Amino acid sequence: MISLSEVTQLFVADGWLDALAHGALVTLQISAGAFVLGLSIGLVVALIKLRGPRWLVRLANLYTTLYRAVPELLLILLLYYAGTDLLNMLMAALGRPSITVNGFAAAVLVLGIVQGAYSAEILRGAILAIPHGQIEAARSFGIERWLLLRRMILPSMLPFALAGLSNLWLVLVKDSALISIVGYSELLSVGKQAAGSTKHYLVFYLAVAAFYFIITLLSNGAWRLLERRINRWLPQH
(Lines give C-alpha, C1' and ligand atoms only; values in the text may rest on other atoms or scores of the structure.)
Protein backbone atom coordinates (compact mmCIF):
# COMPACT_ATOMS: atom_id res chain seq x y z
CA MET A 1 0.00 0.00 0.00
CA ILE A 2 1.23 3.47 -0.82
CA SER A 3 1.33 5.90 2.07
CA LEU A 4 -0.19 9.38 2.19
CA SER A 5 3.24 10.98 2.24
CA GLU A 6 4.18 9.10 -0.93
CA VAL A 7 0.97 10.25 -2.63
CA THR A 8 1.75 13.84 -1.64
CA GLN A 9 5.27 13.42 -3.00
CA LEU A 10 3.96 12.12 -6.32
CA PHE A 11 1.26 14.72 -6.89
CA VAL A 12 2.77 17.84 -5.31
CA ALA A 13 6.54 17.56 -5.13
CA ASP A 14 6.91 15.67 -8.41
CA GLY A 15 4.42 17.95 -10.18
CA TRP A 16 2.02 15.33 -11.48
CA LEU A 17 -1.04 17.12 -10.07
CA ASP A 18 -0.28 20.17 -12.23
CA ALA A 19 0.28 17.91 -15.22
CA LEU A 20 -3.07 16.18 -14.70
CA ALA A 21 -4.82 19.53 -14.23
CA HIS A 22 -3.32 20.76 -17.50
CA GLY A 23 -4.43 17.55 -19.20
CA ALA A 24 -7.96 18.09 -17.88
CA LEU A 25 -7.92 21.63 -19.28
CA VAL A 26 -6.84 20.33 -22.68
CA THR A 27 -9.64 17.75 -22.52
CA LEU A 28 -12.18 20.51 -21.85
CA GLN A 29 -10.78 22.66 -24.67
CA ILE A 30 -10.95 19.78 -27.16
CA SER A 31 -14.44 18.83 -26.00
CA ALA A 32 -15.75 22.41 -26.17
CA GLY A 33 -14.35 22.97 -29.67
CA ALA A 34 -15.68 19.64 -30.94
CA PHE A 35 -19.06 20.27 -29.30
CA VAL A 36 -19.50 23.63 -31.04
CA LEU A 37 -18.35 22.17 -34.37
CA GLY A 38 -20.60 19.14 -33.94
CA LEU A 39 -23.59 21.35 -33.13
CA SER A 40 -22.95 23.45 -36.22
CA ILE A 41 -22.68 20.39 -38.45
CA GLY A 42 -25.67 18.78 -36.76
CA LEU A 43 -27.89 21.82 -37.24
CA VAL A 44 -27.07 22.01 -40.95
CA VAL A 45 -27.64 18.27 -41.40
CA ALA A 46 -30.91 18.38 -39.41
CA LEU A 47 -32.26 21.25 -41.54
CA ILE A 48 -31.25 19.41 -44.71
CA LYS A 49 -33.10 16.30 -43.54
CA LEU A 50 -36.22 18.34 -42.81
CA ARG A 51 -36.32 20.76 -45.75
CA GLY A 52 -33.53 19.84 -48.19
CA PRO A 53 -33.70 18.46 -51.72
CA ARG A 54 -33.89 14.69 -52.06
CA TRP A 55 -30.26 14.14 -53.09
CA LEU A 56 -29.00 16.18 -50.13
CA VAL A 57 -31.34 14.31 -47.78
CA ARG A 58 -29.84 11.03 -48.99
CA LEU A 59 -26.32 12.32 -48.35
CA ALA A 60 -27.35 13.53 -44.88
CA ASN A 61 -28.89 10.13 -44.08
CA LEU A 62 -25.73 8.39 -45.28
CA TYR A 63 -23.60 10.65 -43.06
CA THR A 64 -25.62 10.08 -39.89
CA THR A 65 -25.99 6.34 -40.52
CA LEU A 66 -22.30 5.79 -41.29
CA TYR A 67 -20.91 7.82 -38.41
CA ARG A 68 -23.29 6.26 -35.88
CA ALA A 69 -22.62 2.72 -37.11
CA VAL A 70 -18.81 2.70 -37.10
CA PRO A 71 -16.98 2.72 -33.72
CA GLU A 72 -15.62 6.14 -32.73
CA LEU A 73 -12.06 4.85 -32.33
CA LEU A 74 -12.01 3.49 -35.89
CA LEU A 75 -13.50 6.73 -37.23
CA ILE A 76 -10.86 8.78 -35.42
CA LEU A 77 -8.07 6.64 -36.88
CA LEU A 78 -9.55 6.81 -40.38
CA LEU A 79 -10.25 10.53 -40.32
CA TYR A 80 -6.89 11.43 -38.79
CA TYR A 81 -4.57 9.28 -40.88
CA ALA A 82 -6.59 9.20 -44.12
CA GLY A 83 -7.27 12.93 -43.82
CA THR A 84 -3.57 13.66 -43.30
CA ASP A 85 -2.61 11.48 -46.27
CA LEU A 86 -5.18 13.11 -48.55
CA LEU A 87 -4.06 16.58 -47.50
CA ASN A 88 -0.42 15.78 -48.21
CA MET A 89 -1.36 14.21 -51.55
CA LEU A 90 -3.09 17.47 -52.44
CA MET A 91 -0.04 19.47 -51.33
CA ALA A 92 2.20 17.23 -53.47
CA ALA A 93 -0.08 17.70 -56.49
CA LEU A 94 0.24 21.46 -56.02
CA GLY A 95 4.00 21.18 -55.78
CA ARG A 96 4.09 22.13 -52.11
CA PRO A 97 5.95 20.38 -49.28
CA SER A 98 4.06 18.04 -46.99
CA ILE A 99 2.65 19.46 -43.78
CA THR A 100 2.19 18.20 -40.24
CA VAL A 101 -1.39 18.41 -39.02
CA ASN A 102 -1.79 20.31 -35.74
CA GLY A 103 -2.83 17.79 -33.07
CA PHE A 104 -5.32 20.05 -31.32
CA ALA A 105 -7.04 21.15 -34.55
CA ALA A 106 -7.17 17.54 -35.75
CA ALA A 107 -8.70 16.39 -32.45
CA VAL A 108 -11.41 19.07 -32.58
CA LEU A 109 -12.15 18.43 -36.26
CA VAL A 110 -12.31 14.64 -35.97
CA LEU A 111 -14.47 14.59 -32.84
CA GLY A 112 -16.67 17.39 -34.21
CA ILE A 113 -17.40 15.45 -37.40
CA VAL A 114 -18.21 12.30 -35.42
CA GLN A 115 -20.44 14.14 -32.93
CA GLY A 116 -22.21 16.03 -35.70
CA ALA A 117 -24.02 12.83 -36.69
CA TYR A 118 -25.46 12.42 -33.19
CA SER A 119 -26.36 16.06 -32.68
CA ALA A 120 -28.14 16.10 -36.06
CA GLU A 121 -30.67 13.55 -34.85
CA ILE A 122 -31.11 15.33 -31.50
CA LEU A 123 -31.75 18.67 -33.20
CA ARG A 124 -34.00 17.16 -35.86
CA GLY A 125 -36.18 15.59 -33.18
CA ALA A 126 -36.26 18.86 -31.23
CA ILE A 127 -37.36 20.82 -34.30
CA LEU A 128 -40.09 18.27 -35.05
CA ALA A 129 -41.32 18.66 -31.45
CA ILE A 130 -42.13 22.36 -32.04
CA PRO A 131 -45.88 22.80 -32.57
CA HIS A 132 -46.32 23.22 -36.31
CA GLY A 133 -48.80 26.04 -35.82
CA GLN A 134 -46.08 28.26 -34.35
CA ILE A 135 -43.96 27.94 -37.47
CA GLU A 136 -46.94 28.49 -39.77
CA ALA A 137 -47.95 31.58 -37.80
CA ALA A 138 -44.45 33.02 -38.17
CA ARG A 139 -44.46 32.32 -41.90
CA SER A 140 -47.85 33.99 -42.28
CA PHE A 141 -46.21 37.24 -41.19
CA GLY A 142 -43.75 36.96 -44.05
CA ILE A 143 -40.68 36.35 -41.86
CA GLU A 144 -37.67 35.37 -43.95
CA ARG A 145 -36.07 31.95 -43.41
CA TRP A 146 -32.92 33.09 -41.59
CA LEU A 147 -34.88 35.27 -39.18
CA LEU A 148 -37.42 32.47 -38.65
CA LEU A 149 -34.61 30.09 -37.78
CA ARG A 150 -32.80 32.51 -35.47
CA ARG A 151 -35.74 34.09 -33.65
CA MET A 152 -38.30 31.30 -33.57
CA ILE A 153 -37.07 27.79 -34.39
CA LEU A 154 -33.81 27.78 -32.43
CA PRO A 155 -35.25 29.23 -29.18
CA SER A 156 -38.34 27.00 -29.38
CA MET A 157 -36.42 23.78 -29.93
CA LEU A 158 -33.90 24.29 -27.10
CA PRO A 159 -36.11 22.93 -24.28
CA PHE A 160 -36.62 19.73 -26.30
CA ALA A 161 -32.92 19.37 -27.18
CA LEU A 162 -31.22 20.14 -23.86
CA ALA A 163 -31.42 16.66 -22.34
CA GLY A 164 -29.94 15.04 -25.43
CA LEU A 165 -27.26 17.70 -25.81
CA SER A 166 -26.19 17.39 -22.17
CA ASN A 167 -25.74 13.64 -22.64
CA LEU A 168 -23.87 14.27 -25.87
CA TRP A 169 -21.48 16.64 -24.07
CA LEU A 170 -20.68 14.07 -21.37
CA VAL A 171 -20.11 11.36 -23.97
CA LEU A 172 -17.86 13.75 -25.89
CA VAL A 173 -15.75 14.47 -22.79
CA LYS A 174 -15.13 10.74 -22.42
CA ASP A 175 -14.57 10.24 -26.16
CA SER A 176 -11.85 12.91 -26.07
CA ALA A 177 -9.69 10.27 -24.35
CA LEU A 178 -9.63 8.38 -27.68
CA ILE A 179 -7.55 11.18 -29.19
CA SER A 180 -4.55 9.87 -27.25
CA ILE A 181 -4.38 7.04 -29.80
CA VAL A 182 -3.07 9.51 -32.41
CA GLY A 183 -0.45 10.88 -30.07
CA TYR A 184 -2.09 14.02 -28.69
CA SER A 185 -1.70 14.54 -24.95
CA GLU A 186 -4.88 15.05 -22.92
CA LEU A 187 -6.03 13.92 -19.46
CA LEU A 188 -5.92 10.15 -19.97
CA SER A 189 -2.66 10.37 -21.90
CA VAL A 190 -1.04 12.33 -19.05
CA GLY A 191 -2.34 9.75 -16.59
CA LYS A 192 -0.77 6.95 -18.63
CA GLN A 193 2.54 8.80 -18.72
CA ALA A 194 2.46 9.36 -14.97
CA ALA A 195 1.54 5.73 -14.26
CA GLY A 196 4.24 4.42 -16.57
CA SER A 197 6.87 6.75 -15.16
CA THR A 198 6.18 6.08 -11.48
CA LYS A 199 4.78 2.50 -11.73
CA HIS A 200 1.89 3.58 -9.48
CA TYR A 201 -0.82 2.59 -11.96
CA LEU A 202 -3.75 2.37 -9.57
CA VAL A 203 -3.03 5.75 -7.98
CA PHE A 204 -2.89 7.67 -11.24
CA TYR A 205 -5.76 5.91 -12.97
CA LEU A 206 -7.92 6.63 -9.93
CA ALA A 207 -6.76 10.25 -10.10
CA VAL A 208 -7.75 10.44 -13.77
CA ALA A 209 -11.15 8.95 -12.92
CA ALA A 210 -11.56 11.56 -10.18
CA PHE A 211 -10.85 14.36 -12.66
CA TYR A 212 -13.46 13.00 -15.07
CA PHE A 213 -15.93 12.69 -12.20
CA ILE A 214 -15.35 16.33 -11.19
CA ILE A 215 -15.81 17.46 -14.80
CA THR A 216 -19.08 15.49 -14.93
CA LEU A 217 -20.38 17.04 -11.70
CA LEU A 218 -19.54 20.56 -12.85
CA SER A 219 -21.05 19.90 -16.27
CA ASN A 220 -24.28 18.58 -14.77
CA GLY A 221 -24.56 21.71 -12.61
CA ALA A 222 -24.00 23.98 -15.61
CA TRP A 223 -26.58 22.13 -17.70
CA ARG A 224 -29.13 22.32 -14.87
CA LEU A 225 -28.66 26.08 -14.62
CA LEU A 226 -29.03 26.43 -18.38
CA GLU A 227 -32.15 24.25 -18.41
CA ARG A 228 -33.68 26.26 -15.57
CA ARG A 229 -32.99 29.52 -17.39
CA ILE A 230 -34.39 28.35 -20.72
CA ASN A 231 -37.47 26.69 -19.19
CA ARG A 232 -38.45 29.63 -17.01
CA TRP A 233 -40.89 30.91 -19.65
CA LEU A 234 -42.52 27.51 -20.23
CA PRO A 235 -45.84 26.64 -18.58
CA GLN A 236 -45.29 24.82 -15.29
CA HIS A 237 -47.42 21.70 -14.80
Side-chain angles (χ1 to χ4, degrees), residues 24 26-83 103-130 149-150 153-182 184 186-188 212-213 215-227 230-231:
V26 172
T27 290
L28 286 173
Q29 290 172 338
I30 292 174
S31 301
F35 188 72
V36 172
L37 178 60
L39 273 182
S40 303
I41 295 173
L43 180 60
V44 172
V45 173
L47 292 174
I48 288 174
K49 283 192 168 191
L50 293 172
R51 302 287 297 180
R54 182 172 298 179
W55 67 274
L56 268 181
V57 173
R58 288 176 178 171
L59 285 178
N61 287 331
L62 177 63
Y63 164 69
T64 55
T65 301
L66 176 64
Y67 279 85
R68 289 187 299 161
V70 180
E72 281 85 350
L73 180 58
L74 179 58
L75 286 172
I76 288 170
L77 290 171
L78 287 173
L79 288 173
Y80 183 81
Y81 289 111
F104 181 84
V108 170
L109 181 62
V110 168
L111 286 176
I113 292 174
V114 172
Q115 294 302 315
Y118 294 95
S119 61
E121 292 304 308
I122 293 172
L123 297 177
R124 185 177 70 89
I127 293 173
L128 289 174
I130 301 173
L149 175 66
R150 183 167 59 90
I153 294 178
L154 291 181
S156 298
M157 78 174 185
L158 274 178
F160 304 107
L162 275 180
L165 293 179
S166 65
N167 286 332
L168 187 62
W169 162 256
L170 294 177
V171 170
L172 179 56
V173 170
K174 292 186 292 184
D175 282 351
S176 65
L178 299 175
I179 291 299
S180 62
I181 198 70
V182 297
Y184 195 72
E186 40 67 61
L187 177 57
L188 182 58
Y212 278 115
F213 184 67
I215 291 172
T216 299
L217 288 179
L218 294 175
S219 297
N220 284 338
W223 281 104
R224 280 195 214 98
L225 289 175
L226 181 61
E227 186 175 6
I230 289 177
N231 290 344

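Bear in mind the structure is a predicted one, so any value in this text is a computation, not a measurement.
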- Would you find a donor on one side and an acceptor on the other, under 3.5 Å apart, between the side chain of Glu186 and the backbone of Leu188? yes
- Side chains of Tyr118 and Thr64: closer than 4.5 Å at any heavy-atom pair? no
- Query: Once you round to the nearest 0.5 Å, how far does OG1 of Thr216 lie from OH of Tyr212?
  - Reply: 9.5 Å
- Going from OG on Ser166 to CD on Glu227, what distance comes out if it is rounded to the nearest 0.5 angstrom? 7.5 Å
- Message: Does Leu170 form a side-chain contact (heavy atoms from CB on, under 4.5 Å) with Trp223? I'd like the steps, not just the answer.
- Response: CA-CA 11 Å; Leu170 294 177; Trp223 281 104; 5.8 Å; no
- Query: Do Leu111 and Leu178 touch side chain to side chain, with heavy atoms closer than 4.5 Å?
  - Reply: no
- Message: Can a donor-acceptor pair be found, under 3.5 Å and without considering hydrogens, that links the side chain of Tyr67 to the backbone of Gln115?
- Response: no
- Taking atom types as modelled and ignoring hydrogens, do the side chains of Ser31 and Trp169 form a donor-acceptor contact shorter than 3.5 angstrom? no
- Item | Gap between atom CG of Leu75 and atom CD1 of Ile113 - 0.5 Å precision | 10.0 Å
- Donor-acceptor pair, side chain of Ser180 and main chain of Ala177, under 3.5 angstrom: yes
- Query: How would you list all residue pairs meeting salt bridge (charged side-chain N to carboxylate O under 4.0 Å, His left out) that involve residues 36-62, not counting sequence neighbours?
  - Reply: Lys49-Glu121
- Does the side-chain contact (heavy atoms from CB on, under 4.5 Å) test come out yes or no for Leu123 and Leu39, once each step is laid out? CA-CA 9 Å; Leu123 297 177; Leu39 273 182; 4.3 Å; yes
- Query: What distance separates Ile215 CD1 from Asn220 CG, expressed to the nearest 0.5 Å?
  - Reply: 12.0 Å
- Task: Any chance you could measure Leu172, atom CG, to Thr27, atom OG1, to the nearest 0.5 Å?
- Result: 10.0 Å
- Output for pair (Ser176 OG, Phe35 CZ), nearest 0.5 Å, gives 13.5 Å
